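Step one of this worksheet: look at the structure below.
Indexing begins at 1, ligand by ligand and atom by atom, following the structure's order. Bear in mind the structure is a predicted one, so any value in this text is a computation, not a measurement. Worth knowing before you read on, the calculation uses all heavy atoms, side chains too, and leaves out hydrogens, waters and symmetry mates.
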Amino acid sequence: MKLKTAFITGATSGIGKATAEIFAKNNIQLVLCGRRAERLAKIKEQLEKLTKVTALQFDVSKKEDVFNAIKSLPQEFQNIDILINNAGNAHGLSTIQDGSTDDWDAMLDINVKGLLYVSKAILPKMIEKNTGFIVNIGSIAGKEVYPNGNVYCASKYAVNALNKSMRLDLNKYNIRVSAIHPGAVETEFSEVRFKGDKEKAANVYKGFNALQANDIAEIIYFVISRPAHVNIEDLIVYPTAQASATILNRV
Ligand code: NDP
Ligand code: 8X3
């Protein structure tokens, strides 16, 4: 049987990398994407023991690079069945009056426009084939705003809206669309948010059992492996200790 092909953005760490690992174990061939070439090469080498893998190095926020990279895919990886729109990060955690405009640009360009560019480049073939699956990684920050979250929250509210829009616009092409909205997941996310301050990042996950990247990856695999007539629209996934974006039971 022909292998299914998944295209995963942000496959160099955290949720994207864990998803690539689970997909590889389940015989899905992979297009791994990210900016960090060394990591891409290492993950590709590991997962090639399990499935066919190719790597694409590009920045999702650079429009031309996105389209050129996707055009350059080897023939056997061009038929993408599953797109995991996962690349993204928070940059900074400040009030609206103190926020950095560079951080705002990064979050809107990567989390929103990047997701749109990648989807736009991949959709024509899904539409032509009349089948496909898109999983958008949102966040609890796309369901509730929290103090100092402002622009990151806005970017994830946009992902939530785009997920709903994709469902409406792509419905007639038999393309399944799902969003997964995690609460606190212990990845490199907070290190990026706090610009490499490892101590500050580690404090985010102190005093409770945070979700791990693999917890979300398993759910992504569950979502994409339902029978063809089943489409889960939207899931919020928290660590047990977290009740909402702002309420966390730390010991
Ligand atoms: P990580 O920082 O571990 O991973 C982020 C991934 O996104 C990396 O692979 C990174 O790759 C990629 N990425 C970031 N910017 C770009 C860019 N400009 N171009 C291409 N790739 C990019 O964080 P997570 O795994 O936690 O984050 C994955 C997704 O999950 C994000 O959308 C995040 O918003 C969301 N999320 C995370 C939560 C958490 O608590 N961790 C909770 C809710 C949602 P590289 O640097 O190599 O380009
Ligand atoms: C990441 C989780 O709570 O920092 O989206 O927004 S949070």
Side-chain angles (χ1 to χ4, degrees), residues 7-21 32-44 55-63 65-66 69-70 84-93 103 105-115 117-118 135-160 162-163 179-196 200-201 203-205 208 210-217 219-220 235-239 241-248:
F7 187 104
I8 306 178
T9 67
T12 54
S13 75
I15 295 169
K17 177 170 177 275
T19 304
E21 288 163 359
L32 305 175
C33 309
R35 292 166 302 180
R36 287 171 286 183
E38 251 179 53
R39 287 204 188 193
L40 281 175
K42 202 169 151 205
I43 298 164
K44 177 174 181 282
L56 279 186
Q57 186 208 5
F58 64 94
D59 182 329
V60 294
S61 68
K62 303 218 160 97
K63 186 163 42 181
D65 294 359
V66 172
I70 293 172
I84 311 293
N85 273 325
N86 164 75
N89 276 115
H91 294 265
L93 183 69
D103 284 346
D105 286 343
M107 290 185 278
L108 296 172
D109 288 351
I110 298 166
N111 303 357
V112 185
K113 288 159 78 180
L115 179 148
Y117 300 152
V118 171
V135 180
N136 294 307
I137 306 303
S139 169
I140 187 55
K143 300 280 188 179
E144 273 179 57
V145 285
Y146 53 83
N148 303 320
N150 43 64
V151 178
Y152 177 66
C153 294
S155 76
K156 291 297 183 175
Y157 268 73
V159 173
N160 192 28
L162 291 171
N163 188 70
I180 298 173
H181 302 280
V185 192
E186 192 171 2
T187 62
E188 292 172 26
F189 176 86
S190 292
E191 256 184 78
V192 175
R193 167 169 255 171
F194 298 123
K195 305 183 191 305
K200 211 166 167 185
N203 281 337
V204 172
Y205 309 107
F208 72 106
L211 291 169
Q212 301 300 308
N214 193 54
D215 297 320
I216 301 301
I219 290 164
I220 295 172
L235 289 173
I236 296 179
V237 187
Y238 283 120
Q242 187 174 12
S244 74
T246 49
I247 297 181
L248 240 169

Please list the nearest protein heavy atom to [atom] with its residue and the distance rounded to 0.1 Å.
atom: atom 1 (C) of ligand 2; answer: F189 CZ, 3.3 Å
atom: atom 6 (O) of ligand 2; answer: Y146 OH, 2.7 Å
atom: atom 2 (C) of ligand 2; answer: S139 OG, 3.9 Å

Problem set entry | Side-chain donor/acceptor of D215 to backbone N/O of Q212, under 3.5 Å | yes
Problem set entry | For T246 against Y146, the heavy-atom pair lying closest together | CG2-CB, 3.6 Å
Problem set entry | Where S155 and N111 come nearest, the two heavy atoms and their spacing | OG-ND2, 3.1 Å
Exercise. Any ion pair linking K195 and D103 (charged N to carboxylate O, less than 4.0 Å)?
Worked result: yes
For this session: Run the ring-centre check on F189 versus Y152 and record whether the distance is less than 6.0 Å.
Result: yes
Exercise. Is the closest N or O pair between Q242 and ligand 2 shorter than 3.5 Å?
Worked result: no
Problem set entry | K42 atom NZ, over 12 foreign heavy atoms within 6.0 Å | no
Exercise. Near K143 NZ, under 6.0 Å, is it more than 12 heavy atoms from other residues, nucleotides or ligands?
Worked result: yes
Problem set entry | For A141, atoms of ligand 2 separated by under 4.0 Å from a heavy atom | 6 (O)
Identify the protein atoms, limited to N or O, that lie within less than 3.5 Å of an N or O atom of ligand 1, and list each pair with its distance to 0.1 Å.
from     : atom 1 : to   : atom 2 : distance (Å)
ligand 1 : 2 (O)  : N89  : ND2    : 3.0
ligand 1 : 3 (O)  : S13  : OG     : 2.7
ligand 1 : 3 (O)  : E188 : N      : 3.3
ligand 1 : 4 (O)  : S13  : OG     : 3.1
ligand 1 : 7 (O)  : G88  : N      : 3.4
ligand 1 : 9 (O)  : G10  : O      : 3.1
ligand 1 : 9 (O)  : T12  : N      : 3.3
ligand 1 : 9 (O)  : T12  : OG1    : 2.7
ligand 1 : 9 (O)  : S13  : N      : 3.4
ligand 1 : 11 (O) : T12  : OG1    : 2.8
ligand 1 : 15 (N) : R35  : NH2    : 3.2
ligand 1 : 18 (N) : D59  : OD1    : 2.8
ligand 1 : 19 (N) : V60  : N      : 3.0
ligand 1 : 23 (O) : T187 : OG1    : 3.4
ligand 1 : 25 (O) : I15  : N      : 2.9
ligand 1 : 26 (O) : T187 : OG1    : 2.6
ligand 1 : 32 (O) : N86  : O      : 2.8
ligand 1 : 32 (O) : K156 : NZ     : 2.9
ligand 1 : 34 (O) : Y152 : OH     : 2.7
ligand 1 : 34 (O) : K156 : NZ     : 3.1
ligand 1 : 40 (O) : G183 : O      : 3.4
ligand 1 : 40 (O) : V185 : N      : 2.9
ligand 1 : 40 (O) : V185 : O      : 3.3
ligand 1 : 41 (N) : V185 : O      : 3.0
ligand 1 : 41 (N) : T187 : OG1    : 3.2
ligand 1 : 46 (O) : R35  : NH2    : 3.0
ligand 1 : 46 (O) : R36  : NE     : 3.1
ligand 1 : 46 (O) : R36  : NH2    : 3.2
ligand 1 : 47 (O) : T12  : OG1    : 2.8
ligand 1 : 47 (O) : R35  : N      : 3.2
ligand 1 : 47 (O) : R36  : N      : 3.1
ligand 1 : 47 (O) : R36  : NE     : 2.9
ligand 1 : 48 (O) : R35  : N      : 2.8
ligand 1 : 48 (O) : R35  : NE     : 2.6
ligand 1 : 48 (O) : R35  : NH2    : 3.4

Problem set entry | Heavy-atom gap R193 to ligand 2 smaller than 4.0 Å | yes
